[in-house]
Amino acid sequence: MDANIADPGPSNQPLTRSQSSQPAFSGNRTDGTDLRRTVLRPSATPRRSSSVVSGHPTTGDTPVTARTFQGSKSSELRSSLEPQIKSEIKGNVVEVEPDAFIRAFLYPNSSPLATRDLQMERDFRLATACCEILKTGTSTEKGLVSILQDPDCPRYRNHAFTHINSDVEAEGKLYTPFQKLFTLINEFYRTSLAQEPERFNVDEAWHAPLDPNPLKVGKTRYTAKLLRRDFFDTHNKPLKFSPRFTGATADLKPDLVLMLHRHEDPSTSIKPESFYWQDVKVPIEAKKAFSSEGKLITQMARYARAILMEQVDRKFVLTVSLSGTQCRLFRWDSVGCHATELINIHENPLLFIQCIGRLATMTPAELGYDEHFSNAGRVVSGDRITTTLTVQNSKIRKYIERTPSPEDPESPPPETPPMILDLDTDSFLFESSGGLFHRYTRVWRGQVVLDLEEWKTGKTHVVKQNWAEDTRPCEGYFYQLTSGITVVPSLVRMEVCDRTRAYHIRVEKDDVIGYLKVAEKKPERQPLKDTTSNLRSGANAKDRSRTPLHEGSEGVQPIERVLLRFVFEEEYRPLSEALSSVEVLHATVQWIQGLIALDGLGIVHRDISYSNLMLPTIDQGYDSFKWSSGELGDSKPAKIIDLGLAHLTEDLQKPGLDGGAEIPQDVSSTTDAPAPAPQAHHHVTGTLPFIAFSLMRKLQGLTDNASIEHALHHDVESVFWVLVYLCHDRAKTVATKAMKETHRKLNSADIDTVASKKADIILDGEILSRVVGPFEELRDFLLDFADYLSTSRRAKKDIDATRALAMAIEHRDKLIGKWKENPALMPEHQPHRLLSNSPIDSTKRKTSAQEDSSDIKEREDKSEEDAGGPRKKTKHDTS
């Protein structure tokens with residue numbers, strides 16, 4: 001047993017709950033206001049506050065995170081996505097000098113500095129030669145001659161490119177000239193680099209993918225003889241996502257793209273019939289002029305997000321915006337964006353040509369592809385090819401250093417072998433859609449490859465990767481601390497793969513011009529001298545910098561992220577495949593026990609949701625009733641996953657983890673451990689349908705200095721909301737009109753709509769009493785829990801986790817006894833497969849105080865007296 005709350009095991013006798021312990025956190029946690037009040041104060045907009053930077057930054061001032069849109073088909077449409085994108089890029093598009101941008105991001109310093117300088121000098125020399133060809137219109141290269149003969153191909157005459165200017169009738173007149181110009185530059189650089197003294201064959205860097213499985217032969221293993229990278233006009237061709245995405249893409253059409261495609265003849269380029277985001281290397285948008293560049297930057301952001309979502313092996317994205325006279329280059333990652341100052345293409349043609357030529361000839365790694373994946377960046381859409389992932393074993397520390405020390409490397413000694421996993425890329429266990437700047441969490445199954453030559457495979461693990469904030473304690477550290485808690489997955493290994501800091505540090509502070517204010521008109525440039533007060537995602541002077549730049553004011557650090565990969569021991573079953581009510585109740589007992597055990601170690605989960613509560617896998621001999629009644633023992637515990645947003649309230653440590661003292665595994669003995677000073681904590685996070693109601697109310701009434709403490713009782717309440725959601729989500733065809741309405745409102749992206757519906761559920765017993773469907777037998781427990789919530793709120797007390805656990809045990813045992821007496825009542829449910837458009841935690845819709853007037857219309861506010869009055873006398877009333 002993980003917790004110090006004894007589970008007496010299944011019985012037919014109800015448990016008494018009169019002798020419950022005091023709440024884990026005492027004190028007045030309520031504001032005494034109307035449960036149904038949904039007025040959102042203007043000051044409640046979530047903002048980033050300054051972090052404590054003495055030593056390592058803590059999580060005490062991490063933000064109220066804004067993730068508001070749903071993962072449905074409509075969520076990828078402009079009307080749904082653009083407001084979210086605009087809010088994220090505000091203050092996060094940093095303008096730098098063009099030369100600094102090119103040196104930092106187009107010529108990465110993975111090679112010696114001298115080599116990089118030689119590459120830049122070589123490419124500038126080639127740009128000069130290419131410009132001469134555009135001036136004369138002649139060349140000895142056969143491939144260039146055919147392009148130059150095209151009447152739509154621009155020339156460079158009288159200090160300007162022909163066919164390209166701001167006087168064209170419409171922006172559509174720019175697409176073909178730019179496409180022809182880029183094709184010529186691409187071909188020129190491709191042939192010229194192959195003739196350089198230090199020959200560089202671009203095609204060899206982008207060679208056809210080879211299936212790592214040697215048992216596949218012929219066409220199955222070799223998918224194409226040649227891959228080409230060409231510029232195409234796609235302004236009237238909506239780019240397609242892979243089948244795992246359901247979002248509509250009709251309004252997501254870049255004007256031009258640099259794209260990878262199969263081709264047998266290296267001397268010619270044939271336009272593909274269809275275009276896929278999987279194959280796009282650089283999206284390009286052209287406008288007649290930059291008078292509405294704010295809108296253009298938003299389009300750039302959407303393209304970058306589409307690529308980062310679609311291409312799982314991509315770490316960052318380069319994009320280009322064009323007009324008849326100017327261009328701007330962008331680099332997007334999980335933190336923010338750097339952009340060049342506007343470059344006049346007519347006045348500075350050599351720099352412009354060099355940038356396009358460099359983009360066309362960068363290697364996969366230089367374009368942001370992660371070479372831990374086999375064939376990174378070279379798998380074309382439609383290829384059925386094995387993907388392997390190599391995972392090293394990094395040292396687990398409490399915090400990930402932004403700049404690792406050479407004297408204390410993170411990686412283990414070279415003799416530690418890497419783990420090679422055959423990833424199941426056809427079926428993601430989880431993938432967050434999110435917004436633009438977020439963690440990009442992905443979870444796969446991965447089978448260990450023991451022998452690459454004979455393709456011998458071993459155990460199947462769960463592989464997770466995400467971009468975590470480096471100011472937070474490392475998620476791997478939490479798994480080390482909780483290694484004795486059975487409801488937490490066992491970590492096999494973790495690797496620190498990359499850091500955004502490693503790229504951003506290449507830009508010197510003196511090279512920063514400021515940041516671009518994204519407005520409908522031409523963006524205003526914010527001077528660098530105001531960086532400390534304005535690069536902070538909003539006007540609140542206390543906001544923490546959201547930019548990937550350098551430190552602003554003293555004591556304020558910008559956000560940086562670190563790419564982490566985890567390998568877990570085994571897979572678990574999602575709640576979407578739950579078999580019976582008794583199975584869910586038994587799992588609820590274990591989940592609450594696990595949360596209490598985590599609290600005993602000073603850990604608050606903070607993201608209890610539909611996707612983070614798991615059930616045992618179904619294998620031979622598994623039976624949900626036998627498991628719930630204890631006949632299968634404790635060998636198959638339910639699980640609580642994803643400690644990525646967990647908070648460490650007490651600084652307890654294990655030996656070998658930053659040299660701390662051993663952490664006791666028996667929660668009952670934690671009181672004997674030294675009591676460390678708790679960290680400050682003012683954070684609400686989670687997924688809207690599952691966040692504790694009291695946290696949502698505090699968020700709605702938030703003032704600038706209000707303290708929001710996410711505690712154990714909030715996580716326990718989130719378990720209740722997960723079960724409420726389960727009953728409504730799985731009812732499907734048998735759901736009543738009222739249940740469908742409840743389900744719709746719980747899935748709303750508007751916090752007021754969700755909070756109002758949760759108030760109704762707590763106060764109005766009729767909502768839960770009318771639940772029907774495969775999990776209708778959870779009704780009594782849900783009604784009992786709702787009564788307890790209402791009673792506790794009237795008494796201005798927090799719910800007690802131990803009482804909630806006793807309630808779950810009582811209702812589980814009642815249902816087991818009922819089924820034992822009459823086995824015919826035991827339902828037979830087939831495992832339910834999660835539908836691709838199910839709007840659950842895969843969207844990671846985080847809390848937001850952003851208003852959506854279309855949803856705030858449900859009812860007039862009730863009075864304080866009406867909300868505070870009991871709906872009935874319940875057994876949870878206290879004296």
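Along the sequence shown, the residues carry numbers beginning at 1.
Between the side chain of Arg442 and the main chain of Glu431, no donor-acceptor pair closer than 3.5 Å is present. Put simply, the side chain of His710 never gets that close to the backbone of Asp607: no donor and acceptor are under 3.5 Å apart. Proximity of a side-chain donor or acceptor of Arg358 to a complementary backbone N or O of Met120 within less than 3.5 Å is not detected. Of the possible donor and acceptor atoms, one in the side chain of Ser323 sits under 3.5 Å from a partner among the backbone N and O of Gln326. A donor-acceptor pair under 3.5 Å is formed between the side chain of Asp313 and the backbone N or O of Gly377. Looking only at distances, a side-chain donor or acceptor of Gln311 sits under 3.5 Å from a matching main-chain atom of Val280. Judged purely by atom type and a 3.5 angstrom limit, Arg302 has no side-chain atom pairing as donor or acceptor with the backbone of Leu436. Remark: the backbone N or O of Thr298 is not paired with any side-chain donor or acceptor of Tyr303 at under 3.5 angstrom. Although no hydrogens or angles enter the test, the distance criterion places no donor-acceptor pair under 3.5 Å between the side chain of Arg103 and the main chain of Arg116. In this structure a side-chain-to-backbone donor-acceptor pair under 3.5 Å is missing from Asp279 to Phe275.
For the pair Asp333/Trp467, no side-chain contact is recorded, criterion being any heavy-atom separation below 4.5 Å from C-beta on. Counting heavy atoms from C-beta outward, Thr471 and Arg402 have side chains that approach closer than 4.5 Å. Side-chain contact between Gln299 and Pro283 is absent, with no heavy atoms from C-beta onward closer than 4.5 Å. The closest side-chain heavy-atom distance from Glu88 to His438 is not below 4.5 Å. The shortest side-chain heavy-atom distance between Cys337 and Met300 does not fall under the 4.5 Å cut-off. Contact check for Leu564 versus Val496: side-chain heavy atoms found under the 4.5 Å cut-off. Taking the side chain as every heavy atom from C-beta outward, Ile400 and Arg499 approach each other to under 4.5 Å. Two residues are said to be in side-chain contact when any heavy atoms from C-beta on lie closer than 4.5 Å; Ser242 and Glu310 meet this criterion.
Of all heavy-atom pairs between Leu688 and Ser748, the closest is CD1-O, 3.7 Å. When all heavy atoms of Ala339 and Arg328 are compared, the pair lying nearest together is CB-CD, 3.9 Å. Residues Ala304 and Val317 share a closest heavy-atom pair of O-CG2, 4.0 Å. A pairwise comparison of heavy atoms in Phe566 and Gly476 identifies CE2-N, 3.5 Å as the closest pair. The two residues Ala306 and Leu252 come nearest to each other via the heavy atoms CB-CD2, 3.9 Å. Closest non-hydrogen pair, Lys253 versus Pro238, comes out as CG-CA, 3.4 Å.
Between the CZ atom in Phe690 and the CE atom in Met696 there is a gap of 11.5 Å [rounded to 0.5 Å]. To the nearest 0.5 Å, the span separating CZ on Arg439 from CG on Leu563 amounts to 12.5 Å. How far CD1 of Ile505 is from OG1 of Thr500: 11.0 Å, rounded to the nearest 0.5 Å. With rounding to the nearest 0.5 Å, the separation of CD1 in Ile297 from OG1 in Thr319 is 9.5 Å. Asp99 CG to Ile102 CD1: the interatomic distance, rounded to the nearest 0.5 Å, is 6.0 Å. Here OG of Ser321 is found 8.0 Å from CG of Leu329. Values are rounded to the nearest 0.5 Å.
Note: Phe182 and Phe231 have tilted aromatic rings, judged against thresholds of 30 and 60 degrees for the angle between ring planes. Using cut-offs of 30° and 60° on the angle between ring planes, the pair Trp206 and Tyr369 is perpendicular.
Among Arg314, Arg565, Gln465, the single residue meeting the side-chain hydrogen bond (donor to acceptor under 3.5 Å, both in side chains) criterion with Asp370 is Arg565. Of the residues Phe101, Trp332, Tyr515, Phe105, the one that meets the ring pair (Phe, Tyr, Trp, His ring centres under 6.0 Å) test with His338 is Phe105.
Defined by atom type and a distance below 3.5 Å, a donor-acceptor pair is missing between the side-chain atoms of Asn612 and His605.
Judged by a 6.0 Å distance limit and a 45° cone about the ring axis, Arg561 is not positioned over the six-membered ring of Tyr440.
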Audit row: Phe178, Ile356, side chain to side chain contact (heavy atoms under 4.5 Å, CB included) steps and yes/no: CA-CA 11 Å; Phe178 272 126; Ile356 300 302; over 6 Å; no
Side chain to side chain contact (heavy atoms under 4.5 Å, CB included) between Val312 and Trp444, worked out: CA-CA 11 Å; Val312 299; Trp444 303 270; 4.1 Å; yes
Tell me, with the steps shown, if Tyr479 and Ile396 meet side chain to side chain contact (heavy atoms under 4.5 Å, CB included). CA-CA 10 Å; Tyr479 287 111; Ile396 296 179; over 6 Å; no
Run His372 and Glu495 through side chain to side chain contact (heavy atoms under 4.5 Å, CB included) and show every step you take. CA-CA 11 Å; His372 287 78; Glu495 180 181 5; 3.0 Å; yes
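A salt bridge links Lys464 to Asp642: one of the charged nitrogens lies within less than 4.0 Å of a carboxylate oxygen. Classification of Arg501 and Asp470 as a salt-bridged pair fails, no side-chain N sitting under 4.0 Å from a carboxylate O.
Residues that satisfy the ring pair (Phe, Tyr, Trp, His ring centres under 6.0 Å) test with His235, not counting sequence neighbours, are Tyr175.
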